[in-house]
Amino acid sequence: MSHSIEPFVDECASCGTCAQACPFLEKHGPPISILQSPDDTVFLCTNCRACTSLCPMNLSPADAFFASKTERIQNSDISARVHSALAGARSFARRGHAFPFSAWKPEKTVFWPGCGLVGSLPAVAASVRTHLSRVLAEPVGLVIDCCFDPAYQLGDVDTVRAAMQDIGSRLKTGGVERVIAGCVNCTKVLSRMLESVTVQHVLEVLPASVFRQGKLPSALHHPCPSALIPGLREKAASCSNVGGDEAAMPACCGCGGGLHVLEPALADAFARVALGHRPAGPVVTYCVGCKNAFQSRGASASHLLEFLPGVHQQKAEVSSGRKWINRLSVGIQARILNPKFLIAIGLIGLIFLTAWLRQSGSISTDGIVRLLNENPVLAPFLFILVYAVGPSIFLPSLPLTLGAGFLWGPFWGVIFSILGSTCGASVAFLLARYVMRDTVKARFGHERWQSLSDRVEQHGWKAVAFARLVPIFPFPVLNYLFGVTPISFVHYAWSSFVFMLPACIAYVAFGSSMGELILHGNIHGILTGILVASFALLLPMALKKIVNRRSGKNGQKRQLI
């Protein structure tokens, strides 16, 4: 027997007081006999903690039962019935934790509605997030994931801990500092298992004034895990405008600990006891599992969050299949509104557009010339669009710059090329800053981005200017790396525009001279283009020496480039 269980066995007087609040203990006897029994009776405990609240010795039979469950699972000392329930709980949690049912849109603060709220009340989950954003006056992200509570309720702490390591890592990577959960079970597990973030229940954050208190039922049911969250029951009572504390009532719905799977008849007994202790009429709770348990037994039940403004109550019981469909739908919608997904759709559309243009003959020498003549506005727009997307997917930009000079000559070629290259640099910058920050750091290495970030902190826009004039990394890499430095987007954009201009002029001039030679046989044109290109390419080298010389005179130990 575990050392955490032995003290309870030694001190318990088997007085039977705890059985007054628990159909499980009333049926199977005092806690000591259950703990010492070789069978799996201990797994029928719902973890409701009603026994703990009544114990005159200030002992916790619930904690001893949970420790026994954990010990037996770790020792593989479980029956086929418990093994089957445990496998089902793990499978449920892992499906909810994996694609396509999970979806992450991280912010500093995120709303974690939980499996039940997304599955049974998806509209409520969306409404809660909107209210949170208004109350907190900041963007609130969304995390659709499973906290693995079904496995935790059975005592499978090791599985939950492994899952929490992955979840905690994802929260840290996303820069999440605060998790607001819509489920009491999620709040319980996340707060116990995650140390790097603040975890709160949504009722702790939303003010009581936002609820339509005049329309609430008179009976308030407190879910079992709410006893573990200080002040939550009092806050729920204020939100529902119902006075009194029902903590001492045997109010477990019977779903805790997987009892509804292990022994449905006993679970039904729990629910009947809970319903029997309520006043006549509808009941309101703040746990989706409790609401479903009461509805399945013919009671009129609502979730407290259904009384937020603009939310319609879900009076009909939701089937298991429908819950999975709702979760899938919410997950898909979250991805559709995700910038990464929209970018992927845009790239796929661009690929199909290119294939269509090739098939129609537009992408050929004659076709391009015809396209330019027939579409003097559309052709430059398409060129700039391709140039804006190309650097983000590491397409070489030099052929585009040369092509601009070849097609439009030195004047318009420079204008279209510098606009396209600035757009391309900006797109990659914004992707790195707001969508792929941690991916960029991991992909290009800590040393690269840290070195560039240090230079930006020391020199500001000058670091961008001279990286453009004499690039220390390829331009597509620079675009992404600058996105994870502290420089402002405005400074980055204008300095990129100005200091990419010399190289742009050089390559456009060379491309234009090649066009003069190929199309018109103008030998003088190519000589002029070579001279202009050489001057434009040599200018940055001269500027670099001048600036570094001045930096040395000012006592700066570190060069810009």
Side-chain angles (χ1 to χ4, degrees), residues 66 69-70 73-74 76 85-119 125 129 140-202 225 228 258 289 323-324 326-328 330-335 337-341 344 434-443 445-446 484:
F66 190 82
K69 293 179 184 181
T70 302
I73 289 174
Q74 292 173 341
S76 299
L86 185 59
R90 289 170 175 170
S91 177
F92 175 92
R94 285 166 179 162
R95 282 200 306 273
H97 181 58
F99 179 87
F101 299 104
S102 67
W104 287 59
K105 299 178 71 175
E107 291 282 353
K108 186 177 180 180
T109 299
V110 297
F111 176 49
W112 180 301
C115 303
L117 203 60
V118 171
R129 186 182 174 205
V140 175
L142 177 67
V143 175
I144 303 171
D145 210 326
C146 183
C147 69
F148 279 69
D149 183 65
Y152 186 86
Q153 292 260 7
L154 285 164
D156 190 11
V157 175
D158 291 341
T159 294
V160 181
R161 187 174 289 115
M164 285 300 114
Q165 288 178 351
D166 177 53
I167 290 172
S169 176
R170 294 192 66 177
L171 291 172
K172 183 178 180 181
T173 300
V176 177
E177 299 178 4
R178 183 185 189 188
V179 175
I180 300 174
C183 168
V184 286
N185 286 307
C186 292
T187 306
K188 171 194 67 183
V189 175
L190 295 175
S191 61
R192 287 183 174 183
M193 293 288 187
L194 297 177
E195 298 179 354
S196 59
V197 296
T198 299
V199 180
Q200 293 176 286
H201 188 269
V202 65
L228 301 172
K323 292 175 186 176
W324 283 107
N326 287 340
R327 294 174 67 184
L328 179 62
V330 173
I332 290 175
Q333 291 179 46
R335 286 184 176 81
L337 298 177
N338 190 300
K340 294 181 181 179
F341 183 84
Y434 298 110
V435 181
M436 305 168 59
R437 188 178 189 89
D438 294 292
T439 302
V440 170
K441 290 180 180 179
R443 172 66 178 81
H446 176 83
V484 296

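What's counted below: heavy atoms across the whole structure, side chains too, no hydrogens, waters or symmetry copies.
- Looking at heavy atoms from C-beta onward, V179 lies out of side-chain contact with V143 at the 4.5 angstrom threshold.
- Taking CD of Q333 as the start and CG of L328 as the end, the distance is 10.0 Å to the nearest 0.5 Å.
- Here the NZ-OH distance, from K69 to Y152, works out to 10.5 Å after rounding to the nearest 0.5 Å.
- Rounding to the nearest 0.5 Å gives a distance of 15.5 Å between CH2 of W112 and CD of Q200.
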Per-pair distances, 0.1 Å, donor-acceptor, side chain in residues 163-177, under 3.5 Å, sequence neighbours excluded:
{"from": "D166", "atom 1": "OD2", "to": "H97", "atom 2": "NE2", "distance (Å)": "2.8"}
{"from": "T173", "atom 1": "OG1", "to": "S169", "atom 2": "O", "distance (Å)": "2.9"}

Let me have the donor-acceptor pairs involving side chains of residues 180-188, under 3.5 Å, with sequence neighbours excluded, atom names and distances please.
{"from": "N185", "atom 1": "OD1", "to": "Q153", "atom 2": "NE2", "distance (Å)": "3.4"}
{"from": "N185", "atom 1": "OD1", "to": "K188", "atom 2": "NZ", "distance (Å)": "3.4"}
{"from": "T187", "atom 1": "OG1", "to": "C183", "atom 2": "O", "distance (Å)": "2.8"}
{"from": "K188", "atom 1": "NZ", "to": "D149", "atom 2": "OD1", "distance (Å)": "2.9"}

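- Counting all heavy atoms, side chain and backbone alike, P113 lies closest to A125 at CB-CB, 4.0 Å.
- Between V189 and C147 the shortest heavy-atom distance is CG1-O, 3.5 Å.
- The closest side-chain heavy-atom distance from V330 to R327 is not below 4.5 Å.
- Ring geometry, F101 versus W324: the interplanar angle exceeds 60°, so the pair is classed perpendicular (tilted spans 30 to 60°).
- Within the model, atoms CG of L154 and CZ of R90 stand 9.0 Å from one another, a figure rounded to the nearest 0.5 Å.
- Closest approach of A89 to A151, counting heavy atoms only: CB-N, 3.9 Å.
- One finds the NZ atom of K108 at 10.0 Å from the CZ atom of R178 (value rounded to the nearest 0.5 Å).
- The SG atom of C115 sits 10.0 Å away from atom CD1 of I144, with the distance rounded to the nearest 0.5 Å.
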